[in-house]
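As structure tokens, the structure follows; a few thoughts come after it.
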There are 2 protein chains.
Amino acid sequence: MSQVTMIARPASTAQQVHDWLHQRIIQGDLLPGARLSETEIAEQIGLSRQPVREAFIRLASDGLAEVRPQRGTYIGKISVSAVLSARLIREAVESDLAAMVAGSGADLAAMRAELDVQDQANITGDVAAFIASDDRFHCAMALAAGQAAVWNDLERLKSQMNRLRHLSMRVFDRSATIAQHRAILTALEQGDGDAAQTAVRTHLRQMLTELPQIAAAHPDYFTE
Amino acid sequence: MSQVTMIARPASTAQQVHDWLHQRIIQGDLLPGARLSETEIAEQIGLSRQPVREAFIRLASDGLAEVRPQRGTYIGKISVSAVLSARLIREAVESDLAAMVAGSGADLAAMRAELDVQDQANITGDVAAFIASDDRFHCAMALAAGQAAVWNDLERLKSQMNRLRHLSMRVFDRSATIAQHRAILTALEQGDGDAAQTAVRTHLRQMLTELPQIAAAHPDYFTE
DNA sequence: GACACTTTACTTGTATGGAAGTATGGAATA
DNA sequence: TATTCCATACTTCCATACAAGTAAAGTGTC
């Protein structure tokens, strides 16, 4: 925890607007291709256009929005190739992380706890809670490997995949995801690095079969 | 090539300022911890503060600058942990890419050509040219694997490592780097996936020994 | 001389006005 | 009816002015 976050100085208005829109986009509240208006949002929250504009610039840097000069700002569509490359990167990195954890004897209680949360969320049908726990499960593995910074660096890539999941989770089987998570954790607990790597790669390759189906179901939300 | 790029519309001023500063930071022209003034740069290039300010916001999103409200904007110091995690990610990803290329029979002429460029740059001592060719060598491998998008996604991480290399290349042995590149290419040409992966990992682990030395030589430029 | 306080200059943050460019709808014309 | 032209409203971009906060220099006091 850095000093900046310890000293409770409220973030700038522009930053708050950015965070607010960022979350709404990730959660699928603002849909791909939708229009964003500086003046409209500014009036909506009682600010001038400038901080809203700067929030848009940040969103564009995040790859979540597209500012077209003199035309308008739009929620970025989900790039199929971007999702595929993000998936490939995650598979490569998390496979290595799994190998590091398997031989280390690190504490895996956090991962096991998330499995219980996912079971609950699956029963109650709370999609948002399930996705959040899914994220924390993978994050816990990175922490077990002592690589918290790696997880932060993947944040940008994960955000694109999370948008996809918020579209897909209503359709696809969460039980299968839980089973895959359980396979990963079992292999880690047994200290079987090769099995853990295989389980991670199998899990993350699941998206290769899901992506075409989701893209076909929502063609307007995707590009490339 | 998309229509957008065909119609040669000049980028916005803020974007140009951002690109200019981005390049100067990566090349080590603007050193870590140095101060950036909105008004100063604005006067320097004959613009108002606003576009410069928006360029700063983009740089902060890139992780290259830090805007401290009511205090000033500074070139971000090189985070040791960020470099380490970027290195780990590159090792994992490029190892997978090497395995994909080794079995594919893809054209490797581009990689071989870069080796010649690096030999030349090593002789003439042109550090910037060497680093640029080094980048293109690795990029060529990603292209040979049919994963251009992956290389783009790693851009953010590479920029931090490139800042480091512009500090280190004046010190460290470029011939060793070339030998490592040659080992990678040889393994790929022989179709030996395992050897290629090993060569890639060995090459990228070189930084693990270089980083502490560079950080010790320039303690003011690093953090964490 | 050392210390506490005040002032002053300087920083980024926000508001507002206008400039440049785009898209849309309607009117005039063939 | 179809097409071209144009006026109008809208968008983002940039310039300017002001507000809020920080830091450092200066000043007075002990």
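Residue numbers start from 1 in every chain, and the chains themselves are labelled A, B, ... in the order their sequence lines are given, proteins ahead of strands. Computed over heavy atoms, backbone and side chain alike; hydrogens, waters and symmetry mates excluded. This one's a predicted model, so the numbers in the text were calculated from it and none came from an experiment.
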Quiz item: Is the shortest side-chain N/O distance from B/T13 to OP1 or OP2 of D/dC14 below 4.0 Å?
Solution: yes

In whole angstroms, the gap separating C1' of D/dC13 from CG of B/L47 amounts to 11 Å

Rounded to whole Å, the CD-C1' distance (B/E40 to C/dC10) equals 12 Å

B/R49 atom CZ is separated from D/dA17 atom P, nearest whole Å, by 12 Å

Between CD of B/Q15 and C1' of D/dC13 the distance, given in whole Å, is 13 Å

Do A/Y74 and A/L36 have side chains that approach each other closer than 4.5 Å (heavy atoms only, starting at C-beta)? no

Notebook entry, point to check: Taking the inter-plane angle between the rings of B/F137 and B/H181 on a 0 to 90° scale, is it parallel (under 30°), tilted (30 to 60°) or perpendicular (over 60°)?
Noted result: parallel

- Query: Which part of the nucleic acid, if any, lies within reach of B/L36 when heavy atoms closer than 4.0 Å are counted: base, sugar-phosphate only, or nothing?
  - Reply: sugar-phosphate

Rounded to 10°, the angle between the first-five-pair and last-five-pair axes of the helix from C/dG1-D/dC30 to C/dA30-D/dT1 is 10°

What side-chain donor-acceptor pairs closer than 3.5 Å can you find for residues 216-224 of chain B, not counting sequence neighbours?
from: B/E224; atom 1: OE2; to: B/S81; atom 2: OG; distance (Å): 3.2

B/R53 CZ to D/dC13 P, in whole Å, measures 15 Å

Any N or O donor-acceptor pair under 3.5 Å from the base of D/dT12 to the side chain of A/Q70? yes

Atom CD of A/E43 and atom C1' of C/dA15 are separated, to the nearest Å, by 14 Å

Between A/S37 and D/dC10, does any side-chain N or O lie under 4.0 Å from OP1 or OP2? no

Taking D/dT12, C/dT12, D/dT16 as options, the one with an atom nearest any side-chain atom of A/E38 is D/dT12

Distance-only check: which donor-acceptor pairs under 3.5 Å involve side-chain atoms of residues 88-95 of chain A, not counting sequence neighbours?
from: A/R90; atom 1: NE; to: A/E94; atom 2: OE2; distance (Å): 2.7
from: A/R90; atom 1: NH2; to: A/E94; atom 2: OE2; distance (Å): 2.8
from: A/R90; atom 1: NH2; to: A/H138; atom 2: ND1; distance (Å): 3.3
from: A/E91; atom 1: OE1; to: A/R87; atom 2: NH1; distance (Å): 2.8
from: A/E91; atom 1: OE1; to: A/R87; atom 2: NH2; distance (Å): 3.3
from: A/E91; atom 1: OE1; to: A/R205; atom 2: NE; distance (Å): 3.3
from: A/E91; atom 1: OE2; to: A/R201; atom 2: NH1; distance (Å): 2.7
from: A/E91; atom 1: OE2; to: A/R205; atom 2: NE; distance (Å): 3.2
from: A/E91; atom 1: OE2; to: A/R205; atom 2: NH2; distance (Å): 2.8
from: A/E94; atom 1: OE1; to: A/H138; atom 2: ND1; distance (Å): 2.7
from: A/S95; atom 1: OG; to: A/Q197; atom 2: NE2; distance (Å): 3.3
from: A/S95; atom 1: OG; to: A/R201; atom 2: NE; distance (Å): 3.3
from: A/S95; atom 1: OG; to: A/R201; atom 2: NH2; distance (Å): 3.4

Next on the checklist: Check the phosphate of C/dA23 against A/R71, side-chain N and O only, distance under 4.0 Å to OP1 or OP2. Yes or no?
Outcome noted: yes

Run A/D135 and A/R165 through salt bridge (Lys or Arg N to Asp or Glu O under 4.0 Å) and show every step you take.
CA-CA 11 Å; A/D135 247 31; A/R165 287 201 297 174; 3.1 Å; yes

B/T39 has its side chain closest, among D/dC13, C/dA15, C/dT11, to C/dT11

Whether B/D107 side chain and B/A109 backbone form a donor-acceptor pair below 3.5 Å = yes

Rounded to whole Å, the CD1-P distance (A/I41 to D/dT11) equals 12 Å

Residues in residues 72-79 of chain B with a heavy atom under 4.0 Å of DNA chain C, by number, are B/G72, B/T73

Q. Do the side chain of B/T124 and the main chain of B/Q120 share a donor and acceptor less than 3.5 angstrom apart?
A. yes

For nucleotides 7-9 of chain C, print each protein N/O atom paired with a nucleotide N/O atom at under 3.5 Å, atom names and distance only.
none

Discussion item. For the residue pair A/Q15 / A/R58, report whether a side-chain donor-acceptor contact shorter than 3.5 Å exists.
Written reply: yes

Atom CD of B/Q50 and atom C1' of C/dT14 are separated, to the nearest Å, by 9 Å

Review point. Do any N or O atoms from the side chain of A/Q213 and from the backbone of A/T209 form a donor-acceptor pair under 3.5 angstrom?
Key: yes

Closest non-hydrogen atoms of B/V83 and B/Q160, given as atom of the first, atom of the second and distance, are CG2-O, 4.5 Å

B/H22 meets the ring-ring contact (aromatic ring centres under 6.0 Å, His included) criterion, sequence neighbours left out, with B/H18

If we ignore hydrogens and angles and just use 3.5 Å, is the side chain of B/S133 paired with the main-chain N or O of B/F130 as donor and acceptor? no

